[in-house]
S.K.: 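This is the structure I have questions about; it appears just below.
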There are 2 protein chains.
Amino acid sequence: MKKKPVKERILDAALRLFNEKGFHGVSVEQIVEEANTSKGGFYHNFKSKDELLYQIHDVFITHAIEETKEAYNHYKTPITRLCAILDSFTKIFALYQSHITVFYQESMYLSESFQKAINLKRDQYRHLLEQVIREGQERGDFRKEIPANIVTLAIIGMINWTYKWFDQNGPLSMEAIADIFKDFVLHALITEAGKQEAGKVAKSFSR
Amino acid sequence: MKKKPVKERILDAALRLFNEKGFHGVSVEQIVEEANTSKGGFYHNFKSKDELLYQIHDVFITHAIEETKEAYNHYKTPITRLCAILDSFTKIFALYQSHITVFYQESMYLSESFQKAINLKRDQYRHLLEQVIREGQERGDFRKEIPANIVTLAIIGMINWTYKWFDQNGPLSMEAIADIFKDFVLHALITEAGKQEAGKVAKSFSR
DNA sequence: TTCAACATACCGACTGGTCGGTCGGTTATT
DNA sequence: AATAACCGACCGACCAGTCGGTATGTTGAA
């Protein structure tokens, strides 16, 4: 039953430990012990402790971009796209909460080149959402008074912050929270003209 | 001109360095060098590196609570209070961006007792905002469909996240961003009944 | 089929260096 | 004189990363 490859065991153990004690609160020794392997096994699979951190980051952000693109392509109007993105967003956050905690707490300690790679993907992700907002404004669904880039950052902040307080065993599921967020954001953004569609859409989305 | 007390010099230096390289990226040696003092001077003023981190945290959060309480007491309706809180919030964030960066990145490394003290103040702060939302809902100014506690967390997340992207030298001032946030949040929350007041208030707030 | 040559995966004692914290001593203040 | 403020050499613990080694395939020529 212990047939998982070492690399995967290390990633799992590291994630668990980093999430609990932080990157600097965990030594490579502790990781390899938890993963039932050795220093040698570790450095055979990873160039450095940094690279391990980077890989943890990458798993999650890559997935997030993938999902968001899919949400974008699957729907055709700004309102539905926005809702779909918010849904996929929150879903990912429920799934990868540990990754994200590590991601945001520790990414500043990564080396320059790793940081660049990460930031590139973060930007990619942000632009996807921003584009949806912008298209919605052009189409007249979303209010033009508020600049798309700031709205984007506001939404991202709102969702990202959940990693600080969301409790998997709490009274509210992530889907329920997503519904609230969608309601909140749509009311903040939508124009009179967009209201009919939003009304229709809300039902199919917030089931 | 170099007559600042050592303790203050240490706090300043530490803040600058932590903000740049993170708590674990800076040694006590580096701090005392930057502050033009010595290890002895440091440990005469602080029990440990941890306590230094704690004090940096505390300065900011204490100020934030103070300001928020004042905003609450100075205004008498939920809408004006909410706007005032958002204003003070963002003002504090512009002023203490370094503190906040350190605050959120590193607080997990504090010892249990320090963490408790910090969390207590965070909660205090959150409850202030939540109460305003709740009062607004009871008074019929804010929509009741969305739970006050989640809305509170959404707003806090939105604002807190600015520490990640706000650029002091960027094109938008913090006041401008606060105006956008107020617009965003009010549109998300307000009922038909609340609209007249919001309209009036918006002018005095978003100057 | 066999075995030698090579490659990959993994092991764990060890090292070089760092860093938080101490302590005996010195200087400034009251 | 007495106390508080400050100095800086030093200590012990810790820790990322190394390195010489083993063990387990994998290939391919005889």
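Chain letters run A, B, ... following the sequence lines, proteins first and then strands; every chain starts at 1. Since the structure is predicted, the reported quantities are computational estimates derived from the model, not experimental observations.
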S.K.: Is any NZ, NE, NH1 or NH2 atom of the basic residue among B:Arg134 and B:Glu130 found under 4.0 Å from an Asp or Glu carboxylate oxygen of the other?
M.R.: yes

S.K.: So that I can tick it off, tell me whether B:Asp12 and B:Arg9 are bridged by a salt bridge, with the cut-off set at under 4.0 angstrom between side-chain N and carboxylate O.
M.R.: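 Here B:Arg9 does not pair with B:Asp12 in a salt bridge, since their nearest N and O are not under 4.0 Å apart.
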
S.K.: To the nearest angstrom, how far is A:Glu51 atom CD from D:dA16 atom P?
M.R.: 15 Å

S.K.: Separation of A:Asn45 atom CG from D:dG17 atom P, in whole Å?
M.R.: 15 Å

S.K.: Verify the ring-centre separation between A:Phe23 and A:Tyr109: is it less than 6.0 angstrom?
M.R.: no

S.K.: Taking C-beta and beyond as the side chain, do B:Leu52 and B:Phe42 meet within less than 4.5 Å on heavy atoms?
M.R.: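 The answer is yes; the side chains approach within 4.5 Å.
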
S.K.: Return the NE2 to CD1 distance between B:His99 and B:Ile92, rounded to the nearest 0.5 Å.
M.R.: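 Separation between the atoms: 12.0 Å.
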
S.K.: Without decimals, in angstroms, what is the distance between B:Glu33 CD and D:dC7 P?
M.R.: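 One finds 13 Å between P of D:dC7 and CD of B:Glu33, rounded.
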
S.K.: Rounded off to whole Å, could you give me the NE2-to-C1' distance for the A:His44 and D:dG20 pair?
M.R.: 16 Å

S.K.: Which whole-number value in Å describes the distance from B:Lys7 NZ to D:dC7 P?
M.R.: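 In whole Å, D:dC7 P and B:Lys7 NZ are 16 Å from each other.
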
S.K.: How many Å lie between CD1 on A:Ile10 and P on D:dG17, as a whole number?
M.R.: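 Interatomic distance, CD1 of A:Ile10 to P of D:dG17: 14 Å.
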
S.K.: Protein within reach of the bases, or only the backbone? For nucleotides 20-30 of chain C, mark each nucleotide 5' to 3' as B, S or -, using heavy atoms under 4.0 Å.
M.R.: BBB--------

S.K.: May I ask you to check whether A:Tyr163 and A:Tyr104 place their ring centres under 6.0 Å from each other?
M.R.: yes

